[in-house]
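Presented below is the structure to which this report refers.
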Amino acid sequence: MEADLGFGAQSRAIFAQAPFESRGRLCPEPESPTRTPFQRDRDRIIHSSAFRRLKHKTQVFVYHEGDHFRTRLTHTIEVSQIARSLARALRLDEDLAECLALAHDLGHTPFGHEGEDVMHECMAPYGGFDHNAQSLRVVTSLEQRYAEFDGLNLAWETLEGLVKHNGPLLSQEGAPLGKFKDSELPFAIRAYAEKQDLLLDTWPSAEAQAAAIADDIAYDAHDLDDGLRAGLFAIEEMRDVRYLASILDEVDSKYPGLEESRRIHEIVRRSITRMVEDVIAEALKRLKALDPRSTNDIRDAGHCIVDFSPEMAAAEKEVKKFLFARVYRHEDVLAVRRQVSRVVRDLFGRFMAEPQAMPAPWCDGLDGLKEEQVARRVCDYIAGMTDRFAIDEHRRLFDDTPDLG
């Protein structure tokens, strides 16, 4: 089994998700005469309000810190292109892989992972918060654009891949897995499971796995890029990571004396290329061993198919460790995180105490709701905010808004 790395058309693999074998939509709709179900899903995602708001949501750096740093939107676009490259090489359905990449961060709060952490803390008495679960909630409920249904009414395969972005959520016995093993599945996932079975105890399609690993590849490389350009660490510090040191040696050997901005780009692009090629080679090896005859064979394999090799997985773990120390825990980043965490915490407390402070339609129909239901409404409202809007709302309601300018 060999990857076709050319630019010509190629047949879809037998284990790929064929669009016209989709399990359909929760609310049946006539098929489009011009688009496959997954192309249609992609278009619905791109035209959604939640997708547009990604433009002003933090990746690592808050919007005021510079125009050239990644936002959730630029990160999402970068993930989608890597996912398509992986899907093309493995003869998967490119549209489904792209679709899942475009949707994977729709549920993210303002202010990146700091916003998510604070929201989880605030929602702890009401079941917590998880951005993957919130992405499902966005596309199945919160987007209200269509006359006949709430949400985007996406295909089963899109919803399955979105909710299982990090793999199976339940064991074969029905027990929560991963980060949910000591609690329960998030509210949004449990609520939707009552409407449609997304096979939470299996792996998702190979297309979904391609989108998930593309996410890792993109943010590893681009957080290095942004961290370097922000001056949070020096290029030479990358030599502390053997994987990065080998790339740096390769660049310096081929282009001695290269100016720093080009040197940074060469490092980043080579890291992406190495990781993509590693995933393709490893996936082909695993596919050969499994010999899947259908997409369900991928789901039932019991392990991830589209993944790093053990060697690259170890290297990638070291890159993440480096980024955690040099970027995510850098005092300049932490100082901003402390400020924005107060914004989210203040907003949640104010809206819980005074729900009518939210604008319509968020404040409508609150009479008679349980505290948990009010909290979910407040959570949905805040999670959908952009960084800028969250700060503006804080300024509207409080006299001591952090100065992030």
Side-chain angles (χ1 to χ4, degrees), residues 4 6-55 72-107 135-165 192 195-196 198-199 204-212 214-215 294-296 298-299 306:
D4 177 3
F7 296 101
Q10 57 182 317
S11 61
R12 187 182 291 107
I14 193 171
F15 50 81
Q17 179 61 61
F20 293 109
E21 293 178 2
S22 170
R23 301 188 189 200
R25 305 175 188 276
L26 184 63
C27 298
E29 297 181 62
E31 295 294 342
S32 168
T34 58
R35 295 171 295 170
T36 72
F38 306 142
Q39 290 170 345
R40 198 177 191 184
D41 282 1
R42 176 199 59 207
D43 295 347
R44 288 184 176 187
I45 290 163
I46 289 174
H47 289 284
S48 69
S49 298
F51 185 79
R52 291 195 298 276
R53 288 196 297 269
L54 295 176
K55 177 183 178 183
R72 284 284 158 197
L73 181 59
T74 56
H75 164 73
T76 293
I77 293 170
E78 290 162 346
V79 173
S80 73
Q81 294 307 102
I82 294 173
R84 286 197 72 108
S85 295
L86 293 171
R88 186 178 306 117
L90 299 173
R91 297 166 53 217
L92 305 175
D93 188 283
E94 290 185 40
D95 297 315
L96 178 56
E98 179 186 32
C99 180
L100 290 164
L102 292 172
H104 84 281
D105 268 351
L106 291 180
S135 294
L136 179 70
R137 185 162 169 78
V138 166
V139 301
T140 59
S141 177
L142 298 181
E143 282 287 326
Q144 298 185 351
R145 308 170 59 83
Y146 296 90
E148 297 184 0
F149 47 79
D150 288 341
L152 304 180
N153 199 33
L154 303 178
W156 184 93
E157 292 75 15
T158 304
L159 296 177
E160 179 222 17
L162 186 61
V163 77
K164 293 190 283 189
H165 182 71
Y192 193 77
K195 302 177 183 179
Q196 192 176 33
L198 296 177
L199 301 181
S205 64
E207 287 82 359
Q209 295 179 32
D215 186 22
S294 70
T295 188
N296 285 335
I298 299 290
R299 291 187 174 92
V306 186

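In what follows, residues are counted from 1 in the order of the sequence shown. Small disclaimer: the values here were computed from a predicted structure and weren't measured.
Nearest heavy atoms, His47 versus Arg52: O-NH1, 3.1 Å. Shortest non-hydrogen contact noted between Ala50 and Val138 is CB-CG1, 3.6 Å. Taking all atoms of both residues into account, the shortest heavy-atom contact from Ala16 to Thr295 is O-CB, 4.0 Å. For the residue pair Ala97 and Ala211, the shortest heavy atom distance occurs at O-CB, 3.8 Å. The minimum heavy-atom distance linking Asp150 with Ser141 is given by the pair CB-O, 3.6 Å. Shown here for Pro19 and Thr36, the closest heavy-atom pair between the two residues is CB-CB, 3.7 Å.
Separation of atoms CG (Leu90) and OG (Ser85) is listed at 10.5 Å; rounding is to 0.5 Å. Between atom CG of residue Asp105 and atom CZ of residue Arg53 there is a gap of 13.5 Å, rounded to the nearest 0.5 Å. A distance of 5.5 Å separates CZ in Phe51 from CD1 in Ile77, rounded to the nearest 0.5 Å. One finds the CG atom of Leu152 at 12.5 Å from the CG atom of Leu26 (value rounded to the nearest 0.5 Å). Summarising the geometry, atom CG belonging to Leu102 is positioned 11.0 Å from atom CG belonging to Asp41; distances are rounded to the nearest 0.5 Å. To the nearest 0.5 angstrom, Arg72 atom CZ is 11.0 Å from Leu106 atom CG.
Using a 4.5 Å heavy-atom cutoff, the side chains of Ile82 and Glu78 are not in contact. Contact annotation: the side chain of Tyr146 never approaches that of Asn153 to less than 4.5 Å [non-hydrogen atoms, C-beta and beyond]. Considering only heavy atoms from C-beta on, Asp215 comes within 4.5 Å of His75 through its side chain. The shortest side-chain heavy-atom distance between His104 and Ser135 does not fall under the 4.5 Å cut-off. Trp156 has its side chain within reach of Leu199: a pair of non-hydrogen atoms, C-beta onward, lies under 4.5 Å apart. The closest side-chain heavy-atom distance from Leu86 to Leu92 is not below 4.5 Å. Side chains of Leu96 and Arg42 form no contact here, defined as non-hydrogen atoms less than 4.5 Å apart.
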Can you list the steps and then say if Glu143 with Arg44 is a salt bridge (Lys or Arg N to Asp or Glu O under 4.0 Å)? CA-CA 10 Å; Glu143 282 287 326; Arg44 288 184 176 187; over 6 Å; no

Take Arg25 and Arg40 through the test side-chain contact (heavy atoms from CB on, under 4.5 Å) and record every step on the way to the result. CA-CA 12 Å; Arg25 305 175 188 276; Arg40 198 177 191 184; 3.7 Å; yes

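A salt bridge links Arg299 with Glu160; the closest basic N to acidic carboxylate O contact falls under 4.0 Å.
The residue from Gln39, Glu98, Arg12, Glu157 that alone fulfils the side chain to side chain contact (heavy atoms under 4.5 Å, CB included) condition with Asp93 is Arg12.
Counting heavy-atom neighbours within 6.0 Å of Glu21 CD, excluding the residue itself, gives a total of 12 or less.
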